[in-house]
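Here the structure comes first, spelled out in structure tokens, and everything after it is commentary.
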Amino acid sequence: MGSPALPESPLLELRKVSRVFGEGPALVKALEEVDLSVAPSEFVAITGASGSGKSTAVSILGCLDVPTSGEYLIEGHPVQTLHGDVLAALRNAKFGFIFQSYNLLPRTSALDNVALPLIYAGVDLAERQARAASALEAVGLAGREDARPNQLSGGQQQRVAIARALVNEPEVILADEPTGNLDSKTSDEIMQLISSLNERRGITVIMVTHDPKCAAWAKRRVVFRDGHIASDTKGAA
């Protein structure tokens, strides 16, 4: 008999993380000693009421914010010791971001919107264009490379945003209300696409959502309440 398999080390881990905003009477405890670990290739839905701390937690996970206290580790390495360009390079290499409002440059083609993270990564023009075209093809937008956002539907704009999140081949996609501006049919199409990225490519997906139908796509659901994790369950939401 072989040795038992060792448990997989977390890809991302919050240890007793607190995040405080303001001071004095205006002090707000957005997170209070939160413990959370995410394994490689997980699909996690983070839910909770407005002000529960879920978006703050995801901002810290994506290296867009830092804890007031506690530790954040990526593959066992503490993140809060990193500063400036090193942290920005880590964020650009490790994470892809999808936002509710798409965050596309309005006067820029789909191809150039998707290629934007590659500029920060120092990739040359020819490779940027090739990789951006490939990412657009992967989300079903081959042939729309020259289209500007105002020439695309909401669902197509979100597909451009997903292609932009993919173009750097990230390990983790952080999606903040990715279907919040979409009708139900288009929402299902976007969720099918995000789910396939998790299933077929093994990309870790962490998604903030208010929508129970979207949360049901995830294999794990973490519910925040008043700066704490109220529940953490695997299986159907």
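All residue numbers refer to positions in the sequence shown, counting from 1. For the numbers below, each heavy atom of this structure counts, side chains included, while hydrogens, waters and symmetry mates do not.
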Show the nearest heavy-atom pair for residues Gly155 and Leu182, with the distance to one decimal.
N-CD2, 3.6 Å
Same cluster for Val20 and Val28 if Ile/Leu/Val/Met/Phe/Trp/Tyr side chains link at under 4.5 Å?
no
Side chains of Asn181 and Tyr102 in contact at under 4.5 Å (non-hydrogen atoms):
yes
Do Glu145 and Ser109 have side-chain heavy atoms sitting under 4.5 Å apart?
no
Contact check, side chains of Arg144 and Leu136, non-hydrogen atoms, under 4.5 Å
no
First locate atom OH of Tyr72, then atom NE2 of His77, and finally report the distance between them rounded to the nearest 0.5 Å.
12.5 Å
For the CD1 atom of Ile173 and the CZ atom of Phe43, what is their distance to the nearest 0.5 Å?
9.5 Å
Could you check if a side-chain atom of Ile206 sits within less than 4.5 angstrom of a side-chain atom of Leu12, using non-hydrogen atoms only?
yes
Criterion side chain to side chain contact (heavy atoms under 4.5 Å, CB included) on Arg128 and Ile119, from CA distance to verdict
CA-CA 8 Å; Arg128 286 202 307 267; Ile119 295 175; 3.5 Å; yes
How close do Leu31 and Val17 get, counting heavy atoms only, and between which atoms?
CB-O, 4.0 Å
Under 4.5 Å between side-chain heavy atoms, hopping through other hydrophobics if needed: is there a path connecting Leu152 to Leu193?
yes
Heavy atoms, side chains only, cut-off 4.5 Å: are Val34 and Phe224 in contact?
yes
Can you check whether Leu166 reaches Ile203 side chain to side chain, under 4.5 Å on heavy atoms?
yes
List the steps, then state whether side chain to side chain contact (heavy atoms under 4.5 Å, CB included) holds for Leu197 with Ile162.
CA-CA 10 Å; Leu197 296 173; Ile162 292 170; 3.9 Å; yes
Given 3.5 Å as the limit, does a donor-acceptor pair link the side chain of Thr56 with the main chain of Ala30, or not?
no
Using modelled atom types only, decide if a donor and an acceptor are shared between the side chain of Ser18 and the backbone of Glu33 within a distance under 3.5 Å.
yes
Would you say Ile194 and Cys214 make side-chain contact, with heavy atoms under 4.5 Å?
no
Does any non-hydrogen side-chain atom of Leu87 lie less than 4.5 Å from one of Arg91?
yes
Kindly compute the distance separating CZ (Arg148) from CG (Leu105), expressed to the nearest 0.5 Å.
11.5 Å
Parallel, tilted or perpendicular: which describes the rings of Phe97 and Phe95, with under 30° parallel and over 60° perpendicular?
tilted
Counting only heavy atoms from other residues, nucleotides and ligands, does the tally under 6.0 Å from CD of Glu137 exceed 12?
no
Are more than 12 heavy atoms from other residues, nucleotides or ligands located less than 6.0 Å from atom CZ of Arg225?
no
Does Arg19 reach the main-chain N or O of Ile60 with its side chain, forming a donor-acceptor pair under 3.5 Å?
no
Short question: side chain of Glu42, backbone of Ala39 - any donor-acceptor pair under 3.5 Å?
yes
Apply side chain to side chain contact (heavy atoms under 4.5 Å, CB included) to residues Arg159 and Glu189 and explain how you reach the verdict.
CA-CA 10 Å; Arg159 286 175 182 269; Glu189 293 172 354; 3.7 Å; yes
Please answer whether the main-chain N or O of Gly96 pairs with a side-chain N or O of Asn168 as donor and acceptor at a distance below 3.5 Å.
no
Between Glu177 and Lys54, is the salt bridge (charged side-chain N to carboxylate O under 4.0 Å, His left out) condition met? List the steps.
CA-CA 11 Å; Glu177 299 286 359; Lys54 61 186 185 301; 5.5 Å; no
So, taking the atom named OG in Ser69 and the one named CZ in Arg15, what distance separates them when rounded to the nearest 0.5 Å?
14.5 Å
Enclosure of Asp85 CG (heavy-atom neighbours >12, cutoff 6.0 Å)
no
Do Leu64 and Val172 share a hydrophobic cluster (ILVMFWY, side-chain heavy atoms under 4.5 Å, transitive)?
yes
Output for pair (Leu111 CG, Leu141 CG), nearest 0.5 Å, gives 11.5 Å
In terms of hydrophobic clustering (I, L, V, M, F, W, Y; side-chain heavy atoms under 4.5 Å; direct or indirect links), are Leu90 and Val38 co-clustered?
yes
Please check if atom CZ in Phe21 has more than 12 non-hydrogen atoms from other residues, nucleotides or ligands closer than 6.0 Å.
yes
Specify the closest pair of heavy atoms between Ser41 and Thr204, including all atoms of both residues, with the distance to one decimal.
N-OG1, 2.7 Å
Presence of salt bridge, Asp35 and Lys16, under 4.0 angstrom
yes
Search all heavy atoms of Val167 against all heavy atoms of Arg131 and return the closest pair with its distance.
O-NH2, 3.0 Å
Is it the case that over 12 heavy atoms from other parts of the model lie below 6.0 angstrom from the CG atom of Asp183?
yes
Passes side chain to side chain contact (heavy atoms under 4.5 Å, CB included), Asn198 versus Lys219? Steps please.
CA-CA 10 Å; Asn198 173 252; Lys219 300 166 188 171; 2.9 Å; yes
Closest approach of Pro106 to Pro149 (non-hydrogen atoms, all atoms of both residues):
O-CD, 3.4 Å
Kindly give the heavy-atom pair with the smallest separation between Ile46 and Val58, and that separation in Å.
CD1-CG2, 3.8 Å
If hydrophobic clusters are built from ILVMFWY residues whose side chains come within less than 4.5 Å, do Leu61 and Val66 share one?
no
Please answer whether the main-chain N or O of Pro178 pairs with a side-chain N or O of Gln158 as donor and acceptor at a distance below 3.5 Å.
yes
Measure the CD1-CG distance between Ile74 and Leu11 for me, rounded to the nearest 0.5 Å.
7.5 Å
Tell me if a side-chain donor or acceptor on Ser195 pairs with a main-chain N or O of Met191 at a distance below 3.5 Å.
no
